[in-house]
Protein chains: 2
Amino acid sequence: MTRQRQAILEVIRSDKRHYTAEELLSEVRRVLPNISRATVYNNLHALEDARLIRRITGEDGSDRYDSSYIPHGHFICSRCKEIYDFEIPEFSSTLEGLLGDKFDSYELKVRCVCPQCRDRLREA
Amino acid sequence: MTRQRQAILEVIRSDKRHYTAEELLSEVRRVLPNISRATVYNNLHALEDARLIRRITGEDGSDRYDSSYIPHGHFICSRCKEIYDFEIPEFSSTLEGLLGDKFDSYELKVRCVCPQCRDRLREA
DNA sequence: CTCAAAAATTAGAATTAGTCTAAAAATTTT
DNA sequence: AAAATTTTTAGACTAATTCTAATTTTTGAG
């Protein structure tokens, strides 16, 4: 666990946001101004291999990182693009039942309008 | 519906595979040798807007296209990377119940080893 | 039918996210 | 403390996708 790796992990854990690698690079540079882009990418992979974070694919195609390795649902607002976590009770067992076997991981993204945006739309 | 758009749609519908844009480009070129890459991308977007196909994000980051617009699960073999469709009964209503509202669409990817690869692994 | 306007196509340049490389720096082993 | 290993760095590179500007095709009004 190098200073760089530690700093990256701290930023990811500092907020429930789902950062992109590029966002992490600029955040971490506030602390370690010389950290390189490749180091961020290397460490994101290392941290995922170590099961400390989870990579998810953002709506725009760029990867984002979740401070929890445990799979869960994400719902993405079709308006503001914000990503929220949510749990589906028993979902893993449901999936296992359907597939008839254990699985490695899953990724669930639901696109819908978030409560805030719904209110904004109602006003307009 | 131009010749180009028609040809792209036909290739997508010709097989239950989930093609990448690049694969579609070379397939369609067998029929329309001068079709340009940009046309394929434009039409994939147009076809998705028209709800005739659905874009899904492949494991490697490149987009893939599904000949059905209706959301359903995909399971992706961790070994051979093949993508299979699967249905979860009542899943849409479950999601609606959890979110307390209608949603636009969802994308569910489950990573696991497919039956063929499991057999291959057992032999080895 | 025929001209103008709008939409789609084309080739290729540009952009973006991510990976790779080789040298330098840091860390660990002995 | 020297040698071996791992990590970091800057920047080159790649792959997928988007953008651009010119051309072609299609549409629709007269």
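Numbered from 1 within each chain, the chains take letters A, B, ... in sequence-line order.
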Quick check: A/Y106 with A/F91 (ring centres under 6.0 Å apart)? yes
In whole angstroms, the gap separating C1' of D/dT8 from CG of A/L44 amounts to 14 Å
With a 3.5 Å cut-off and no angle check, do the side chains of A/T57 and A/D63 form a donor-acceptor pair? no
Within this structure, what is the CD1-to-P distance between B/I35 and D/dT25, rounded to whole angstrom? 14 Å
When rounded to whole Å, the CG to P distance for the pair A/N34 and C/dA25 reads 12 Å
Counting heavy atoms from C-beta on, name the nucleotide in C/dG18, C/dT9, D/dG11 closest to the side chain of A/A38. D/dG11
Return the value, rounded to whole Å, for the distance between atom CG of A/L25 and atom P of D/dA10. 10 Å
Name the closest nucleotide to the B/S36 side chain, picking from D/dT18, D/dT9, C/dA11. C/dA11
Name the closest nucleotide to the A/S62 side chain, picking from D/dT9, C/dG18, C/dT10. C/dG18
Looking across every strand, which nucleic acid part, if any, lies under 4.0 Å from A/E22 by heavy atom: base, sugar-phosphate, or nothing? nothing
A/S68 versus A/D66, side-chain donor and acceptor atoms under 3.5 Å: no
Judged by each residue's nearest nucleotide on DNA chain D, which is more toward the 5′ side, B/T2 or B/A21? B/A21
Just N and O in the side chain of A/H45: are any of them under 4.0 Å from OP1 or OP2 of C/dT19? yes
Which of C/dG18, D/dT17, C/dT9 is nearest the side chain of A/D63? It is C/dG18
Taking OP1 and OP2 of C/dT19, is either one under 4.0 Å from a side-chain nitrogen or oxygen of A/Y41? no
Of all heavy-atom pairs between B/I12 and B/L44, which one has the smallest distance, and what is that distance? CD1-CD2, 3.8 Å
Rounded to whole angstroms, how far apart are CZ on B/R3 and P on C/dT9? 9 Å
B/R55 CZ - D/dA16 C1' separation (whole Å): 12 Å
Does B/Q4 put a side-chain nitrogen or oxygen below 4.0 Å from OP1 or OP2 of D/dT25? no
Counting side-chain heavy atoms from CB outward, which of D/dT17, C/dT9, D/dT9 is closest to A/N42? D/dT9
CD of A/Q6 versus P of C/dA26: gap in Å, rounded? 18 Å
Pair A/Y65-A/Y19, ring pair (Phe, Tyr, Trp, His ring centres under 6.0 Å): steps then yes or no: CA-CA 6 Å; A/Y65 290 87; A/Y19 291 98; 9.8 Å; no
Upstream residue (5' side of DNA chain D) when A/R37 and A/R5 are each assigned their closest nucleotide: A/R5
Starting at atom CG of B/D60, determine the distance to atom P of C/dG18, rounded to an integer number of angstrom. 13 Å
